[in-house]
Amino acid sequence: MYQPIEPSFFQLPTLELAKKLLGKFIIHDQPTGKLIGKIVETEAYMGPKDKAAHSYQNRKTKRTKVMFEDAGHVYTYQMHTHTLINIVAGPVGVPHAILIRAIEPIAGIEQMQKNRGLHAKGVNLTNGPGKLTKALNITMEYYGHHWAKKPLYIAKGIAPEHIICGPRVGIHNSEEATLYPWRFFEQDNPFVSKFR
DNA sequence: TTTAAGATGCCC
DNA sequence: GGCATCTTAAAC
C-alpha cells in the first residue's frame, strides 16, 4: 500500500489504461508528509489521428517529445497560469497521453488547502486539472519523470463501481475530434470537473 | 525577435 | 464574460 505501482501496469491500450487509472492513488511525497489523491477523472489523447492532441500527426517538438517514450512517463505542460499533468501511454514511438483532470483528496488535505489558498473550499480544492496540480505541488520540473518512481507516483487504490464516458472538456476547434468520447470519470463523484 | 494561441481558473 | 501570464511554435 502507498508504494509505486509496477511499471508494466502502464502497458495497457490507451483507452483501457485511462479507465484503469480511475480509483488509483496519485501520491506526492513531501518533506511535510504524503499528499494523496484518488483519480476520479481522466482524458485520453491519441496523437496520430486526434486533432485535439498536441502530438497530432506525430508532431514531435520539445514539448511533445516525451510522449514518444514508453508508457508511464510524466508529461507536464503549462496552460495559461496553470500546470497540467499527463501520463504517457502507448508503446515507444506512439505519442499517446492521458490527462488527469480531477482527484478526490485522501491524505494531506490540510497541506493541499495551504497550497491552493483560502478561496478553495470543498470540491474546489481538486476538481480540475490546474487545481489538482497546485494542490499536490506538481510543477514543470516533473517533465520526463516516471510514474512508478518516488517522490511522485501512482499506487493501487479503489476501483470505482461505475465509470461514465463522454466528450472531452475544453476542446473546441478540433472538428470531428471534438466529440470523441475519450473522457472517463467515476459516476456520482463530487470532485469530477464541470463540463464546458 | 516577435507574435499568437492554448487540454484553465478566478474574479467581475 | 474578461483577463491573468507562461511556454511553445511558427511567422518574419
Side-chain angles (χ1 to χ4, degrees), chain A residues 14-15 17-19 21-22 26 37 39-69 71 73-90 94-105 112-145 147 152 154 163-186 189-196:
Chain A
T14 303
L15 293 177
L17 180 59
K19 280 183 266 191
L21 280 165
L22 294 177
I26 169 172
I39 299 173
V40 299
E41 181 180 359
T42 60
E43 278 180 3
Y45 288 84
M46 300 197 274
K49 58 192 175 88
D50 179 2
K51 288 184 184 170
H54 297 148
S55 53
Y56 178 49
Q57 288 182 331
N58 290 313
R59 215 155 64 102
K60 193 169 189 176
T61 64
K62 184 180 177 186
R63 179 170 70 159
T64 64
K65 67 178 189 208
V66 74
M67 285 195 268
F68 291 82
E69 302 287 326
H73 283 84
V74 174
Y75 170 39
T76 50
Y77 70 94
Q78 203 80 22
M79 180 59 186
H80 291 263
T81 56
H82 308 280
T83 302
L84 273 58
I85 193 154
N86 298 249
I87 295 164
V88 172
V94 179
H96 292 182
I98 296 164
L99 171 67
I100 301 175
R101 282 200 60 84
I103 62 171
E104 176 182 334
M112 292 187 204
Q113 187 84 59
K114 279 186 192 167
N115 294 343
R116 287 275 288 131
L118 291 176
H119 57 280
K121 293 203 162 80
V123 298
N124 285 307
L125 196 55
T126 55
N127 68 342
K131 298 179 189 179
L132 71 91
T133 53
K134 191 163 184 195
L136 293 179
N137 194 26
I138 294 170
T139 63
M140 288 295 290
E141 70 192 42
Y142 281 105
Y143 185 93
H145 177 72
W147 280 108
L152 178 65
I154 300 290
I163 294 172
I164 314 280
C165 68
R168 293 171 292 181
V169 180
I171 310 295
H172 305 292
N173 302 312
S174 302
E175 299 169 46
E176 76 277 2
T178 306
L179 295 176
Y180 291 171
W182 292 348
R183 174 190 187 218
F184 303 93
F185 56 95
E186 179 178 325
N189 189 295
F191 288 89
V192 171
S193 71
K194 288 185 179 156
F195 184 81
R196 327 186 281 190

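Owing to the predicted nature of the structure, the values given are computational and were not obtained by experimental measurement. In what follows, chains are A, B, ... by sequence order, proteins preceding strands, each numbered from 1. FYI, side chains are in, hydrogens and waters are out, and symmetry mates aren't considered; it's all heavy atoms of this structure.
Side chain of A:R116 to main chain of A:N124: a donor-acceptor pair is present (N/O by atom type, distance under 3.5 Å, no hydrogens or angles). In this structure, A:T133 contributes its side chain and A:T83 its backbone to a donor-acceptor pair below 3.5 Å.
Side-chain atoms of A:D50 and A:W182, non-hydrogen and from C-beta on, do get closer than 4.5 Å to each other.
Regarding contacts with the backbone of B:dA7, every side-chain N or O of A:R63 stays at 4.0 angstrom or more from both OP1 and OP2. Checking the phosphate oxygens (OP1, OP2) of B:dA7, no side-chain nitrogen or oxygen of A:R196 falls inside 4.0 Å. In this model, the phosphate group of B:dC10 is approached by a side-chain N or O of A:K131 to a distance below 4.0 Å at OP1 or OP2.
What you find for A:R183 and A:V192 is that their closest heavy atoms are NH2-CG1, 3.7 Å. What you find for A:T76 and A:Y142 is that their closest heavy atoms are OG1-C, 4.3 Å.
With rounding to whole Å, A:M79 atom CE is found 17 Å from C:dC3 atom P. Following rounding to the nearest Å, A:R101 (CZ) and B:dG9 (P) show an atom-to-atom distance of 7 Å. Rounding to whole angstrom units, CG of residue A:L132 and P of B:dT8 are separated by 12 Å. The CE atom of A:M140 sits 7 Å away from the C1' atom of C:dT7 (whole-angstrom rounding). Atom pair A:L125:CG and B:dC10:C1' shows a separation of 15 Å (rounding to whole Å applied). Rounded to whole Å, the distance from CG on A:N86 to C1' on B:dA7 is 8 Å. If you measure from atom CD1 of A:I85 to atom P of B:dG9, you get 14 Å, rounded to the nearest angstrom. Atom OH in A:Y56 sits about 16 Å away from atom P in B:dG6, given to the nearest Å.
If you check every strand for non-hydrogen atoms under 4.0 Å, A:H119 touches sugar and phosphate atoms only. Contacts of A:L84 with the nucleic acid, taken as non-hydrogen atoms under 4.0 Å apart, involve only primed sugar atoms and P, OP1 or OP2.
Using a 3.5 Å distance cut-off with no hydrogens or angles, the side chains of A:E104 and A:T126 do not pair a donor with an acceptor. There is no side-chain donor-acceptor pair under 3.5 Å between A:H73 and A:Y143.
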Dot-bracket notation for DNA chain C, counting Watson-Crick and G-U pairs under 3.5 Å, with | for partners on another strand
||||.||||||.
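For B:dA7, the base is not stacked against the aromatic ring of A:Y77, per a cut-off of 5.5 Å between centres and 30° between planes. By the criterion of a centre-to-centre distance under 5.5 Å and near-parallel planes under 30°, the ring of A:H80 forms no stack with the base of B:dG9. Once the 5.5 Å centre distance and the 30° plane angle are applied, the aromatic ring of A:H82 is found not to be stacked with the base of B:dG9.
Within a heavy-atom distance below 4.0 Å of DNA chain B, the residues of residues 165-186 of chain A found are A:G170, A:I171, A:N173.
When distances are taken from the side chain of A:R116 to each of B:dC10, B:dA7, C:dA4, the shortest belongs to B:dC10. Closest to the A:R59 side chain, of the nucleotides B:dG9, C:dT8, C:dA10, is C:dA10. Of the listed nucleotides (C:dC6, B:dG9, B:dA7), C:dC6 has the atom at the smallest distance from the side chain of A:Q78.
The side-chain tip of A:K49 does not point at the ring of A:Y56 from less than 6.0 angstrom away and within 45° of straight on.
Between A:R168 and A:E43 there is no salt bridge, since no side-chain nitrogen of the basic residue lies less than 4.0 Å from a carboxylate oxygen of the acidic one.
Not less than 6.0 angstrom separates the ring centroid of A:H96 from the ring centroid of A:Y45.
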